[in-house]
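Working notes, structure below.
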Amino acid sequence: MITCLNGTFGDLENTFISPNDRGFLMADGIYEVVRFYRGRPLALDAHRARLERGARALRFPRCDFPEFEDVMTQLVRRNGLEREASATAYFQVTRGVAPRSHSFPPPDTSLTTYGFARRFQRHEDEIANGANAMTHDDDRWAHCDIKTIALLPNTLAHQRARDAGAVEALFIRDGELQEGTHSNVMIGANGRLRTPPLSPALLAGVTRERVLGLAAELGMPCDEAPVSRADLFAADEVMLVGTTVEITPVVRIDGQTIGDGKPGALTRELQDRFLAMVDRL
């Protein structure tokens, strides 16, 4: 695998990051994952914009990353993934190498940037036939709108879902749905699409934004409004949306069947329009 550390491309075996890096010691970093289809990226500019918003939120000394697009595309090319039906490229930024301290290091400390790309196996069966999910009390911090590398609560919740035979855990905070561990969530009820509104409790997903745009193109009624736990289970259809899950229907939650137990009409319409959009890249 070819990686990129601080702007230098090289073999993974020769890529070394200091144990004093604040990403390792303090989880003091942010990241983005971009999906590539046959070597063409989806929403690369939106991912960069979110990365830069995260850098500003964490008060990094540098908050612009003009190299982002070039690094991501080069990683895909240098790893021979241009003709792959699906690949992902990862880009991470930490506050850099400094003695461990709760205080920020001097502002002239260089940030650490690290990237890699790899083949991605699309979840064909789940996207076609639906997936199981489970609910989980939202025990994360209060700034889930920042895409940080501090993912332990998400990891633990996701593993609990996997242990229970589900593919995703859906966070419930104060009785309301927020998001999944690595996805946003939408429901369909009475012919209308609904998704929780943006707030510090959930990430402004790049795919979420694209799917809302596709719904508008289709003339599909759509609300960004709270979704209660009761709304979730009473929905005609539920779907996960995200970079890796694309638009994945959820047919069972906590063992309870959603709707008629099959992917719904709104989900299918959005999936078809999403695939058409990808084909035009």
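Both backbone and side-chain heavy atoms feed into the values below; hydrogens, waters and symmetry mates do not.
Residues Asn6 and Thr112 form a side-chain contact, since some pair of their non-hydrogen atoms from C-beta on lies under 4.5 Å apart. Between Leu81 and Phe36, the closest side-chain pair of non-hydrogen atoms is not below 4.5 Å. Looking at heavy atoms from C-beta onward, Cys144 lies out of side-chain contact with Leu202 at the 4.5 angstrom threshold. Using a 4.5 Å heavy-atom cutoff, the side chains of Val227 and Glu176 are not in contact. Residues Thr3 and Met1 meet the side-chain proximity criterion, which asks for heavy atoms closer than 4.5 Å. The shortest side-chain heavy-atom distance between Leu266 and Glu269 falls under the 4.5 Å cut-off.
Using a 4.0 Å cut-off between charged side-chain N and carboxylate O, Glu69 and Arg48 make a salt bridge.
Ring geometry for Phe65 against Phe91 counts as perpendicular: the plane angle is over 60°, on a 0 to 90° scale with 30° as the lower cut. Aromatic ring orientation, Phe120 versus His123: perpendicular (interplanar angle above 60°, classes split at 30° and 60°). Below 30°, between 30° and 60°, or above 60°: for His158 and His182 the angle between ring planes is above 60°, a perpendicular geometry.
In this structure, CD in Glu246 is found 11.5 Å from CD in Glu126, a value given to the nearest 0.5 Å. Considering CD of Gln178 and CG of Leu203, their distance stands at 12.5 Å, rounded to 0.5 Å. The distance from the CD atom of Glu32 to the OG1 atom of Thr243 is 7.5 Å, given to the nearest 0.5 Å. Residue Asp21 holds its CG atom at 3.5 Å from OG1 of Thr94, rounded to the nearest 0.5 Å. Rounded to the nearest 0.5 Å, atoms CD1 (Ile2) and CG (Leu75) are 9.0 Å apart.
With Asn79 contributing its side chain and Arg118 its backbone, the two residues share no donor-acceptor pair below 3.5 Å. Using modelled atom types, one side-chain atom of Glu237 and one backbone atom of Thr267 make a donor-acceptor pair closer than 3.5 Å. Side chain of Asp11 to main chain of Glu13: no donor-acceptor pair is present (N/O by atom type, distance under 3.5 Å, no hydrogens or angles). The closest donor-acceptor contact from the side chain of Ser183 to the backbone of Glu179 lies at 3.5 Å or more, if one exists at all. With Arg62 contributing its side chain and Asp64 its backbone, the two residues share a donor-acceptor pair below 3.5 Å. For Asp236 (side chain) and Asn190 (main-chain N/O), a donor-acceptor pair under 3.5 Å exists by modelled atom type.
Minimum interatomic distance between Ala150 and Ala27 (heavy atoms only, all atoms of both residues): CB-CB, 3.9 Å. Closest heavy-atom contact between His136 and Ala169: CB-CB, 4.1 Å. The two residues His102 and Arg22 have their closest heavy-atom pair at O-NH2, 4.3 Å. Summarising the geometry of Arg210 relative to Ala46, their closest heavy-atom pair is NH2-CB, 3.9 Å, with the distance given to 0.1 Å. Here the closest heavy-atom approach between residue Thr109 and residue Pro105 is recorded as OG1-CB, 3.5 Å. Smallest separation of non-hydrogen atoms from Val76 and Ala89: CG2-CB, 4.3 Å.
Criterion: ILVMFWY side-chain heavy atoms under 4.5 Å apart, direct or through other members. Under it, Val185 and Leu270 are not part of a common hydrophobic cluster. Cluster annotation: Leu240 and Leu198 are assigned to distinct hydrophobic clusters (Ile/Leu/Val/Met/Phe/Trp/Tyr, side-chain heavy-atom contacts under 4.5 Å, transitive). A single hydrophobic cluster is seen to contain both Leu214 and Leu193, as judged by linkage of ILVMFWY side chains at heavy-atom distances under 4.5 Å, directly or through other members. Hydrophobic clustering (ILVMFWY, side-chain heavy atoms < 4.5 Å, transitive): Ile247 and Leu42 are in one cluster. Hydrophobic clustering (ILVMFWY, side-chain heavy atoms < 4.5 Å, transitive): Phe171 and Val250 are in distinct clusters.
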Query raised in the report: How far apart are the C-alpha atoms of Asp231 and Arg194, what are their side-chain angles, what is the distance that settles it, and do they pass the side-chain contact (heavy atoms from CB on, under 4.5 Å) test?
Result: CA-CA 10 Å; Asp231 293 334; Arg194 195 190 331 167; 3.0 Å; yes
Criterion side-chain contact (heavy atoms from CB on, under 4.5 Å) on Met277 and Arg273, from CA distance to verdict:
CA-CA 6 Å; Met277 177 185 69; Arg273 185 58 65 97; 5.9 Å; no
| said: Is there a side-chain contact (heavy atoms from CB on, under 4.5 Å) between Gln159 and Thr155? Walk through the geometry before answering. | reply: CA-CA 6 Å; Gln159 189 58 49; Thr155 298; 5.5 Å; no
**Prompt:** For Asn20 and Arg100, what are the C-alpha separation, side-chain angles and deciding distance, and is it a side-chain contact (heavy atoms from CB on, under 4.5 Å)?
**Reply:** CA-CA 7 Å; Asn20 283 327; Arg100 188 184 185 280; 5.9 Å; no
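The salt bridge (Lys or Arg N to Asp or Glu O under 4.0 Å) test with Arg229 singles out one residue from Asp174, Asp254, Asp138, and that residue is Asp254. Applying side chain to side chain contact (heavy atoms under 4.5 Å, CB included) to Phe68 and the options Thr73, Leu51, Val93, Thr113 leaves one that passes, Leu51.
Partners of Glu82 under the side chain to side chain contact (heavy atoms under 4.5 Å, CB included) rule, at least two apart in sequence or in another chain, are Arg77.
Between the side chains of Thr257 and Arg252, at least one donor N or O lies within less than 3.5 Å of an accepting N or O. Inspection of the Arg268 and Gln271 side chains reveals an N or O donor paired with an N or O acceptor under 3.5 Å. Checked by atom type, the side-chain pair Ser86/Gln121 shows no donor-acceptor distance below 3.5 Å.
Summarising the local packing, CZ of Arg119 is surrounded by 12 or fewer heavy atoms from other residues, nucleotides or ligands at distances under 6.0 Å. The 12-atom threshold is not exceeded at CZ of Phe24, counting heavy atoms of other residues, nucleotides or ligands nearer than 6.0 Å. Within 6.0 Å of atom CG in Asp137, 12 or fewer heavy atoms from other residues, nucleotides or ligands are found, so the atom counts as exposed in its surroundings.
Remark: Arg95 qualifies as a cation-pi partner of Phe104 under the 6.0 Å distance and 45° angle criteria applied to the six-membered ring.
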